[in-house]
Amino acid sequence: MTRTVVLAGGVGGAKFSLGVREALARRGDPPATIVVNTGDDLWLTGVRLQPDVDSILYALAGVNDRERGWGRAGDSERVHEEIQAWGAGWPWFTLGDLDLGLHVARTGWLRDGLTPTEVIERMSRRWDLGARLLPMTDAEVDTVVTVAGGERLHFQEWWTRHRATLAPIAFENPGIEAARPASGVVEAIADADVVLVAPSNPVVSIGPILTVPGIREALRETSAAVVGVSPIIDGRVVRGMADVCLTAIGVETSAAAVAAHYGARRDGGILDAWLVAEEDAAATAPVAALGIRCAAVPLWMRDVEHSAAIAAAALSA
Ligand code: GDP
Ligand code: CA
C-alpha cells in the first residue's frame, strides 16, 4: 500500500493529478494527497480566487474546460460582462458564471471563519474527486512580480494581462516567511511512501510550495522517495511561460537544469529521482551525476492514459 503525496500547480498539476489518480487506482493504492500551490491566488471584485486549486478541483471532478485549459466546461460570461459594465474587475481576467459561483461560495465560507483548508475540504465533498486536496498554506501569500524598471505587479496581472512579456526580475510571496504549511501537509509528507513533484512551473507553482517554511524541511526528512517529473521537454516548456520564469531566476530551460535547481536530497535539495522526456535522454547522465536517479520516459500528457503511464513510472522510479 503506497501512500502518495503530490506537489502541484494548476494546469500541468491537474493533468498529472488525473494520471496519478488513475495509476493509484490500478495498483489498488489509496488516493493521493495533493498539496496545491496557492501563490497565484488573488482577491478580485471582492471574491477570493485560487486558480491552481480550482484547476485541479475541476479536472478531478471532470467539469473543467479542456479546450480552453481553465475554468468550467460550457460556462457563460454574463456576470463578467455586467461587472465590466460597472467598470469593475479586470477586463482581461475573465470569470465564468459557474466559476464565479465557486468563488462566491468560497468567499462566503472564508468570511464565516473557515480556513482555506476547511473551505477546500468542503468543496471537495461535492464530487468524488478520488484524491485529497490541501492548499500549501492557509496564509495569503499572493505572488508579486517585479519587472524591469522596478514596477511591481500582482502575478495574475503580469501573467494574464501582459502574457509574461514584461521581463521579470524577481518573484516574491510577501509574508511567506511567516506562513505555516496548511494543517495536514507536513504530516502527509512525513507519512508518505512517495512524494511526486508534478511537471508544474518550477518557479511560480512548485517554488512557492517549497518556500513555505517547513515544507522543504519535511521533504528532506521524510523516509518517502521524492520523485520529480520534468515540465521541460526537449529544452522547451510544453505550454505556458515557465521559460521566462526560469530565466529570471538564472536557471536554464532544460530538464537537467531544473533537476539541478531542485537539487539532490543528499546535498540538501529535494529530489531522489527525476523523470525526463525521451527527447532529453542525454540529460540522464548529468542528472545522475548530481546524485539524482534519472530515467527517460515519454512525458507528453496527451490524455489520462499517457498521464497515468507517467505517474506509474514516477511511482516506481
Ligand atoms: P499553471 O499553474 O496552470 O501554470 O500550471 P502548472 O504550473 O501546474 O504547469 C505548467 C507547466 O506544465 C509548464 O511549465 C509546462 O511545461 C508543463 N506541462 C504542461 N503540459 C505538459 C505535458 O504534457 N508534459 C510535461 N512533462 N509537462 C507539461
Ligand atoms: Ca498557477
Side-chain angles (χ1 to χ4, degrees), residues 6-20 34-42 49-60 64-66 68-71 93 133 135-136 141-143 145 154-160 163-164 171 173 196-210 227-249 251-259 261-262 274-280 283 294-311 313-314 317:
V6 181
L7 308 185
V11 175
K15 286 198 247 174
F16 186 66
S17 296
L18 290 174
V20 170
I34 305 173
V35 178
V36 187
N37 171 45
T38 59
D40 54 7
D41 292 7
L42 67 157
L49 276 51
Q50 297 202 288
D52 288 0
V53 171
D54 297 349
S55 292
I56 295 188
L57 181 76
Y58 291 157
L60 290 173
N64 56 315
D65 187 323
R66 286 189 217 161
R68 250 186 344 183
W70 52 273
F93 201 86
L133 298 193
M136 64 185 197
V141 291
D142 307 13
T143 303
V145 186
H154 188 284
F155 174 75
Q156 296 297 351
E157 189 168 13
W158 176 74
W159 184 264
T160 309
R163 308 304 303 166
F171 299 93
N173 297 91
L196 304 177
V197 182
S200 289
N201 188 313
V203 185
V204 295
S205 291
I206 303 299
I209 299 176
L210 299 178
V227 183
V229 179
S230 175
I232 307 299
I233 299 181
D234 205 10
R236 278 187 294 272
V237 292
V238 177
R239 190 180 162 281
M241 301 161 279
D243 48 344
V244 183
C245 305
L246 286 166
T247 304
I249 63 159
V251 176
E252 188 194 312
T253 302
S254 75
V258 174
H261 169 64
Y262 286 144
W274 183 241
L275 293 185
V276 299
E278 293 170 309
E279 295 87 333
D280 297 310
C294 189
V297 297
L299 282 193
W300 290 96
M301 298 190 286
R302 277 179 235 287
D303 50 31
V304 176
E305 205 51 52
H306 285 87
S307 299
I310 295 167

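Fair warning: this is a prediction, and the values are worked out from it, not measured in the lab. Heavy-atom basis, side chains included; hydrogens, waters and symmetry copies ignored. In listed order, ligands and their atoms are each counted from 1.
Considering Pro199, Pro202, Ser230 as possible partners of Val258, the one that fulfils the side-chain contact (heavy atoms from CB on, under 4.5 Å) test is Pro202. Considering Arg163, Glu157, Gln156 as possible partners of Thr160, the one that fulfils the side chain to side chain donor-acceptor pair (under 3.5 Å) test is Gln156.
Of the possible donor and acceptor atoms, none in the side chain of Asp234 sits under 3.5 Å from a partner among the backbone N and O of Arg236. At distances below 3.5 Å, not a single donor-acceptor pair connects side-chain atoms of Thr38 with backbone N or O atoms of Asp41. Put simply, the side chain of Asp142 never gets that close to the backbone of Asp40: no donor and acceptor are under 3.5 Å apart. Judged purely by atom type and a 3.5 angstrom limit, Asp65 has no side-chain atom pairing as donor or acceptor with the backbone of Gly71.
Atoms of ligand 1 found under 4.0 Å from any heavy atom of Leu299, numbered from 1 in the order shown, are 22 (C), 23 (O), 24 (N), 25 (C), 26 (N). Listed by number with element, the atoms of ligand 1 under 4.0 angstrom from any heavy atom of Ser205 are 2 (O), 6 (P), 7 (O). For ligand 1, the atoms lying closer than 4.0 Å to a non-hydrogen atom of Ala242 are 14 (O). Near Asn201, with a cut-off below 4.0 Å to any heavy atom, the atoms of ligand 1 are 6 (P), 7 (O), 9 (O), 10 (C), 11 (C). If you number the atoms of ligand 1 from 1 as listed, the ones under 4.0 Å from a heavy atom of Val237 come out as 16 (O). When each atom of ligand 1 is checked for a heavy atom of Gly12 under 4.0 Å away, the hits are 5 (O), 6 (P), 8 (O), 9 (O), 12 (O). Interface of Gly13 with ligand 1, defined as ligand atoms under 4.0 Å from a residue heavy atom, comprises 8 (O). Residue-ligand proximity, Trp300 to ligand 1, at heavy-atom distances under 4.0 Å covers atoms 23 (O).
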Begin from the C-alpha positions of Asp52 and Ser205 and carry the test side-chain contact (heavy atoms from CB on, under 4.5 Å) through to its verdict.
-> CA-CA 8 Å; Asp52 288 0; Ser205 291; 3.8 Å; yes
Leu196 and Phe16: CA distance, side-chain angles, deciding distance, side-chain contact (heavy atoms from CB on, under 4.5 Å) verdict = CA-CA 10 Å; Leu196 304 177; Phe16 186 66; 4.0 Å; yes
Verify side-chain contact (heavy atoms from CB on, under 4.5 Å) between Met241 and Trp158, making sure each step is shown before the conclusion.
-> CA-CA 11 Å; Met241 301 161 279; Trp158 176 74; 5.8 Å; no
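Contact annotation: for Ser200 versus ligand 1, heavy atoms closer than 4.0 Å belong to both the backbone and the side chain. By the criterion of a heavy-atom distance under 4.0 Å, the side chain of Ile233, and not its backbone, is placed next to ligand 1. Under 4.0 angstrom from ligand 1, there are no non-hydrogen atoms of Ala14. With a 4.0 Å heavy-atom cut-off, ligand 1 is reached by the side chain of Asp52 but not by its N, CA, C or O. Contacts between Arg302 and ligand 1, counted as non-hydrogen atom pairs separated by less than 4.0 Å, are absent for every part of the residue.
Looking at Ala198, Gly19, Ser230, Pro298 and measuring to atom 26 (N) of ligand 1, the nearest heavy atom belongs to Ser230.
Scanning the protein heavy atoms around atom 4 (O) of ligand 1, the nearest turns out to be Trp159 CZ2, 4.1 Å. If you check which protein heavy atom lies closest to atom 12 (O) of ligand 1, you get Pro199 O, 2.9 Å. In terms of protein heavy-atom proximity, atom 20 (N) of ligand 1 is closest to Lys15 NZ, 3.1 Å. Protein heavy atom in closest approach to atom 1 (P) of ligand 1: Val11 N, 3.5 Å. Protein heavy atom nearest atom 23 (O) of ligand 1, with residue, atom name and distance: Met301 N, 2.7 Å. Closest protein heavy atom to atom 15 (C) of ligand 1: Arg239 O, 3.3 Å. Nearest protein heavy-atom contact of atom 16 (O) of ligand 1 is Pro231 O, 2.7 Å. For atom 19 (C) of ligand 1, the nearest protein heavy atom (residue, atom name, distance) is Val238 CB, 3.9 Å.
If you put the vertex on the Ca ion (ligand 2), OD1 of Asp52 and OD2 of Asp40 sit 80° apart, to the nearest 10°.
No more than 12 heavy atoms of other residues, nucleotides or ligands sit less than 6.0 Å from atom CZ of Arg66.
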